[in-house]
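All values below come from the heavy atoms of this structure, side chains included, with hydrogens, waters and symmetry mates left out.
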Amino acid sequence: MKRLFGLTTALMLGLGLAQPSWAIMITEGPNNGTNVGSVDTLLDTAQLKNSGGAELAWLQGLLPGATILPQDQDVTYYDTNQANVYAFLLDPAADYFMIKNATWHALFANNASNAWAVFNASLLPSGMNLGGDRFTISHVRAINPTTTNVPEPGSLALFGLGMLGLTLARRRNRA
């Protein structure tokens with residue numbers, strides 16, 4: 001039992017103190033050294049003639065019931081420790097985000113931190129014309145899908161069953 005406790009303690013300390021090797025860090029500006037998580041998933045790109053109804057119809061086709069959050073934001077993006085990967089702060093934080101310029105739109109699922117948008121520019125279509133050292137993003141849209149409440153009692157029940165199993169295993173070992 002002491003050995004199990006010692007191994008568990010060592011594992012928890014190791015996991016708690018370890019810096020994730022897959023973390024993406026900002027390497028410039030006032031947020032230098034900030035861990036922004038991982039590259040967000042590119043869901044789709046589209047060339048749309050206008051940003052009004054066509055944008056919303058495209059978005060609703062991909063994420064039924066999703067809403068575009070109101071925001072006024074100048075896009076200040078930062079270099080990261082990975083090639084062609086850039087990060088910018090999302091205000092407000094969102095589950096999804098869209099970057100746009102001229103007639104191209106790119107929709108991303110926000111993976112690690114909803115406060116930071118992290119995208120790989122090499123995955124975007126060449127028609128998006130983001131080439132050059134410092135490309136231009138005309139604006140960003142923060143998007144939240146329709147929310148589905150996950151019942152918390154289910155998680156607590158699983159935890160309780162696990163604790164019950166450990167208690168029964170301990171009693172069995174004593175006997």
Side-chain angles (χ1 to χ4, degrees), residues 1-45 58-71 73 75-99 106-124 140-175:
M1 187 64 175
K2 287 182 182 179
R3 183 175 180 199
L4 177 64
F5 179 74
L7 287 173
T8 304
T9 303
L11 179 65
M12 291 302 184
L13 281 173
L15 290 175
L17 298 175
Q19 172 74 17
S21 61
W22 60 86
I24 295 177
M25 306 291 277
I26 292 177
T27 58
E28 67 168 336
N31 296 304
N32 188 11
T34 301
N35 177 354
V36 292
S38 61
V39 175
D40 296 322
T41 306
L42 176 63
L43 298 178
D44 197 13
T45 58
W58 173 66
L59 176 63
Q60 293 288 324
L62 295 169
L63 302 170
T67 56
I68 297 174
L69 301 174
Q71 78 182 68
Q73 175 180 339
V75 180
T76 303
Y77 60 92
Y78 303 102
D79 290 329
T80 67
N81 59 346
Q82 292 189 13
N84 295 317
V85 175
Y86 302 93
F88 58 88
L89 194 61
L90 277 176
D91 183 22
D95 296 331
Y96 297 86
F97 66 93
M98 186 180 342
I99 59 174
L107 179 65
F108 293 84
N110 205 338
N111 297 333
S113 170
N114 286 5
W116 285 96
V118 183
F119 69 98
N120 186 338
S122 65
L123 298 177
L124 298 174
V140 172
R141 297 275 197 173
I143 300 163
N144 272 346
T146 54
T147 57
T148 304
N149 292 333
V150 177
E152 197 58 40
S155 300
L156 292 174
L158 284 174
F159 179 73
L161 284 172
M163 294 303 291
L164 178 65
L166 287 173
T167 303
L168 292 175
R170 187 174 179 186
R171 284 186 179 182
R172 184 176 179 189
N173 284 340
R174 280 187 185 170

Engineer: For the pair Phe119 and Tyr86, name the ring-plane relationship: parallel under 30°, tilted 30 to 60°, perpendicular over 60°.
Structural biologist: tilted
Engineer: Kindly say whether Ala93 contributes a backbone atom to a donor-acceptor pair with the side chain of Asn114 at under 3.5 angstrom?
Structural biologist: no
Engineer: As an exercise, state the distance from CG of Leu168 to CG of Asn173, rounded to the nearest 0.5 Å.
Structural biologist: 11.0 Å
Engineer: Determine the minimum heavy-atom distance between Phe88 and Ile99, stating which atoms define it.
Structural biologist: CZ-CG2, 3.7 Å
Engineer: For Asn110 and Ala94, indicate whether the former's side chain and the latter's backbone hold a donor-acceptor pair under 3.5 Å.
Structural biologist: yes
Engineer: Determine whether Trp116 and Asn31 make a side-chain contact, defined as any pair of heavy atoms from C-beta on separated by less than 4.5 Å.
Structural biologist: yes
Engineer: Does a side-chain heavy-atom distance below 4.5 Å link Asp44 with Trp58?
Structural biologist: yes
Engineer: For the atom pair CG (Leu63) and CD1 (Ile143), what is the distance rounded to the nearest 0.5 Å?
Structural biologist: 7.0 Å
Engineer: Shortest non-hydrogen contact from Leu124 to Phe108?
Structural biologist: CD2-CZ, 3.8 Å
Engineer: What's the shortest heavy-atom distance between Asn81 and Ala23, and which atoms?
Structural biologist: ND2-O, 3.8 Å
Engineer: Measure from the side-chain N and O atoms of Asp40 to the backbone N and O of Val118, and report whether any donor-acceptor pair falls under 3.5 Å.
Structural biologist: yes
Engineer: Do you know the tightest heavy-atom contact between Glu28 and Asp79?
Structural biologist: OE2-N, 2.7 Å
Engineer: Might you point out which heavy atoms bring Pro92 and Ala142 nearest each other, and give the distance in Å?
Structural biologist: O-CB, 3.7 Å
Engineer: Write down the atom of Ile24, the atom of Gln82, and the distance for their closest heavy-atom approach.
Structural biologist: CG1-NE2, 3.6 Å
Engineer: Would you find a donor on one side and an acceptor on the other, under 3.5 Å apart, between the side chain of Asn111 and the backbone of Val39?
Structural biologist: yes
Engineer: Keeping Thr80 on the side-chain end and Val85 on the backbone end, is there a donor-acceptor pair under 3.5 Å?
Structural biologist: yes
